[in-house]
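First comes the structure, then the notes that go with it.
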Amino acid sequence: METIQYTPKGVCSKKMEIELEDGVIRAVRVLGGCSGNLQGIASLLKGMAVEEAIVRMEGIRCGFKQTSCPDQLAAALKTAR
């Protein structure tokens, strides 16, 4: 099991922790940000392959920001490659 600790940039969330096993997401925890939305995203990501999650989330923007929490989760997952 591998755990990624990531500090997102340009979003409301402050810290992301992702547990991976054999290229599959086992758990996601996010400190700060929109709690309900991030809990939903974490639930949807559980059991998903890392590469699939990156493809689905990368490039998503939040309002006028250049990034979003899902985009930052994709960036965190890229560090696991």
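Values below: every heavy atom of this structure, side chains too, minus hydrogens, waters and symmetry copies.
- Between Ile18 and Ala76, the closest heavy-atom pair is CD1-CB, 3.8 Å.
- Among residues two or more places apart in sequence or in another chain, the side chain to side chain donor-acceptor pair (under 3.5 Å) test is passed with Lys15 by Gln5.
- By the rule that hydrophobic residues join a cluster once side-chain heavy atoms approach within less than 4.5 Å of another member, Leu73 and Leu20 end up as members of one cluster.
- In this structure, the separation between OG on Ser13 and CG on Leu38 is 6.0 Å, given to the nearest 0.5 Å.
- Judged as a side-chain hydrogen bond (donor to acceptor under 3.5 Å, both in side chains), the pairs with a partner in residues 39-48 (not counting sequence neighbours) are, in order, Ser35-Gln39.
- Linking Ile, Leu, Val, Met, Phe, Trp and Tyr residues whenever their side-chain heavy atoms come within less than 4.5 Å places Met16 and Ile54 in a single cluster.
- With contacts defined as side-chain heavy-atom distances shorter than 4.5 Å, the pair Lys65/Cys12 qualifies.
- Residues in residues 26-36 take part in these salt bridge (Lys or Arg N to Asp or Glu O under 4.0 Å) pairs, two or more places apart or across chains: Glu17-Arg29, Glu19-Arg29, Glu21-Arg26.
- Applying the side chain to side chain donor-acceptor pair (under 3.5 Å) test to Thr3 and every residue at least two apart in sequence or in another chain returns nothing.
- Side-chain contact between Ile41 and Val28: absent, with no pair of heavy atoms (C-beta onward) separated by less than 4.5 Å.
- By the salt bridge (Lys or Arg N to Asp or Glu O under 4.0 Å) test, Glu51 is found to be paired with Arg81, residues two or more places apart in sequence or in another chain being considered.
- When hydrophobic clusters are built by joining Ile, Leu, Val, Met, Phe, Trp and Tyr residues whose side-chain heavy atoms come closer than 4.5 Å, directly or via intermediates, Val50 is grouped together with Val30.
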Query - Residue pair Ile4, Glu2: steps toward the side-chain contact (heavy atoms from CB on, under 4.5 Å) verdict - result: CA-CA 7 Å; Ile4 298 170; Glu2 174 186 5; 4.2 Å; yes

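- Partners of Thr67 according to the side chain to side chain donor-acceptor pair (under 3.5 Å) rule, which considers only residues two or more places apart in sequence or in another chain, are Asp71, Gln72.
- Residues Ser68 and Val11 approach most closely at C-CG1, 3.4 Å, considering heavy atoms.
- Listed by chain and residue number, Ile25, Leu45, Met48, Met57, Leu77 satisfy the side chain to side chain contact (heavy atoms under 4.5 Å, CB included) test with Ala53 (two or more places apart in sequence, or in another chain).
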